[in-house]
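Only this structure's heavy atoms are used, side chains among them; waters, hydrogens and symmetry mates stay out. On a predicted model such as this, the values are computed, not experimentally measured, just so you know. Residue numbers run from 1 in the order of the sequence given.
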Amino acid sequence: MKLGFLTGIMGDLPLKEKIEWAHKIGFETLEVSCWPKSNTRDYSGSDIDVENLTEEKAKELKSILVKNKMEIATLAYYDNNLDQNLDLRIKYNNHLLSVIDAASLLGVKNVGTFIGRDFSLTIEENFDKMVKVFKPILEYAKTKDVRIIIENCSMPGWHKDGWAGTISYSPELWDEMFKRLPYDNFGLNFDPSHLIWLGIDYIQALKNFKNKIFTVHAKDTEIFEDKKDYYSILGKQLGRKDSWDLGFWRHRMPGKGDINWKKFIETLKEIDYKDEIIIEHEDLEYQDSIGKVKEGLEIGYNYLRDLI
């Protein structure tokens with residue numbers, strides 16, 4: 001298992017500098033943020049301009065990676081691919097196709113995204129829409145030898161009342177997702193940090209979906225039980241400071257929350273998982289500056305490396 005991190009957290013630093021720093025710390029791989037230059041997503045990044053990536057630019061990037069003994073495991077573009085606004089949905093879907101093209105050009109095996117959700121439709125109707133939207137995307141990715149991986153974040157910040165903003169956040173929904181779209185190049189970017197606050201046994205889920213886990217996100221979650229008792233599992237409803245403020249949990253660096261990482265890594269070994277573990281840094285304690293961001297990533301790296 002190789003350790004990496006999602007690059008968007010390091011802001012506007014040139015990708016070359018991010019690669020060089022990652023190699024210096026000991027990371028072996030990366031998940032590279034590939035949102036459009038102009039976007040409104042939090043924790044996004046535009047480290048590769050996929051719309052304008054040429055063979056020459058791809059060759060230059062691959063040379064930098066080889067020089068630093070680094071790889072790219074995944075190109076990241078997590079957006080709402082089922083958006084009820086047709087113009088936005090087409091824009092998101094088309095950019096996802098461009099990310100797939102870039103992955104093919106760079107020899108990157110994974111493209112990470114969300115299914116998303118159309119809030120004007122029922123969950124069942126959303127699955128119907130998912131098939132219409134994702135079937136051609138998966139078919140196209142297959143021709144490019146690229147896998148589509150879905151992170152299991154529920155995206156409560158996409159809903160004004162904090163309800164799930166995707167239809168791919170639980171084992172029940174994964175079963176439906178893979179039943180509807182039984183493609184070999186379609187799997188999970190498994191992130192336990194979302195499952196734990198939803199009350200899902202992330203260890204059992206890891207075992208149950210071992211054949212569909214294409215990569216792993218390493219992000220921790222700290223749960224405040226007293227606050228959960230007050231707000232309920234549905235989260236804070238009044239006076240939320242932002243759309244993500246559910247009141248009883250926060251994301252942390254691996255080792256600083258409630259995930260049992262020792263058992264998690266042991267289970268990965270048990271199911272014979274040999275791919276990447278990507279740190280997704282969303283710990284507010286380590287985000288005030290690029291120095292703090294790097295400090296957080298180093299903490300996560302050292303903690304996980306000892307367990308691996």
Side-chain angles (χ1 to χ4, degrees), residues 5-12 33 35-36 38-46 76-85 88 92 112-120 123 151-170 173 189 191-200 202 217-259 278-297 299-300:
F5 64 90
L6 181 57
T7 60
I9 192 63
M10 294 182 78
D12 293 331
S33 299
W35 277 261
S38 176
N39 75 87
T40 58
R41 285 278 285 110
D42 58 338
Y43 292 109
S44 66
S46 303
Y77 176 53
Y78 300 92
D79 232 318
N80 188 353
N81 284 294
L82 302 186
D83 200 292
Q84 66 195 71
N85 182 311
L88 281 179
Y92 297 153
T113 193
F114 290 138
I115 296 295
R117 183 175 180 175
D118 181 336
F119 292 106
S120 70
I123 292 289
E151 186 189 350
N152 55 273
C153 181
S154 64
M155 294 303 287
W158 281 354
H159 190 280
K160 59 184 175 62
D161 291 325
W163 293 89
T166 64
I167 59 166
S168 50
Y169 59 85
S170 68
L173 301 176
N189 178 0
D191 188 334
S193 73
H194 306 300
L195 300 177
I196 189 171
W197 72 262
L198 287 167
I200 295 169
Y202 54 92
H217 262 184
K219 185 164 75 267
D220 215 333
T221 297
E222 183 178 11
I223 296 175
F224 306 100
E225 293 293 342
D226 58 333
K227 293 182 179 179
K228 186 173 75 172
D229 288 341
Y230 182 66
Y231 294 125
S232 87
I233 59 170
L234 298 179
K236 186 178 181 180
Q237 297 298 307
L238 303 173
R240 290 158 66 202
K241 62 184 180 183
D242 57 46
S243 58
W244 292 95
D245 180 20
L246 297 188
F248 69 91
W249 60 267
R250 64 173 178 168
H251 287 315
R252 300 302 311 272
M253 295 308 300
K256 291 187 172 290
D258 293 304
I259 300 288
I278 302 292
I279 295 173
E280 186 184 20
H281 181 352
E282 293 185 6
D283 190 331
L284 294 177
E285 185 177 334
Y286 300 98
Q287 290 186 30
D288 291 342
S289 65
I290 188 62
K292 291 296 289 184
V293 167
K294 289 180 176 180
E295 180 185 351
L297 288 170
I299 288 171

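Contacts of H194 classified as ring-ring contact (aromatic ring centres under 6.0 Å, His included), with partners at least two apart in sequence or in another chain: H251. For R252, the side-chain hydrogen bond (donor to acceptor under 3.5 Å, both in side chains) partners at least two apart in sequence or on another chain are E222, D283, E285. Legend: residues meeting side-chain hydrogen bond (donor to acceptor under 3.5 Å, both in side chains) with Q84, ordered by chain and number and at least two apart, are absent. Residues passing the ring-ring contact (aromatic ring centres under 6.0 Å, His included) test with Y78 are F114, sequence neighbours excluded. Shown here are the side-chain hydrogen bond (donor to acceptor under 3.5 Å, both in side chains) partners of D220, two or more places apart in sequence or in another chain: W261. In this structure, K227 has no salt bridge (Lys or Arg N to Asp or Glu O under 4.0 Å) partners at least two apart in sequence or on a different chain. Under the side-chain contact (heavy atoms from CB on, under 4.5 Å) criterion, I223 pairs with I196, W197, T221, E225, F248, W249, D258, sequence neighbours left out. W244 is linked by a side-chain contact (heavy atoms from CB on, under 4.5 Å) to D42, M155, P156, D242, counting only residues two or more places apart in sequence or in another chain. S120 meets the side-chain hydrogen bond (donor to acceptor under 3.5 Å, both in side chains) test with D118; sequence neighbours excluded. With sequence neighbours left out, D229 forms a side-chain contact (heavy atoms from CB on, under 4.5 Å) with no residue at all. Y230 meets the ring-ring contact (aromatic ring centres under 6.0 Å, His included) test with no other residue; sequence neighbours excluded.
Pairing each heavy atom of L6 with each of A76, the nearest pair is CD1-CB, 3.6 Å.
The closest donor-acceptor contact from the side chain of R240 to the backbone of D245 lies under 3.5 Å.
Evaluated for a side chain to side chain contact (heavy atoms under 4.5 Å, CB included) with D83, the options F119, W158, Y92 yield exactly one hit, Y92.
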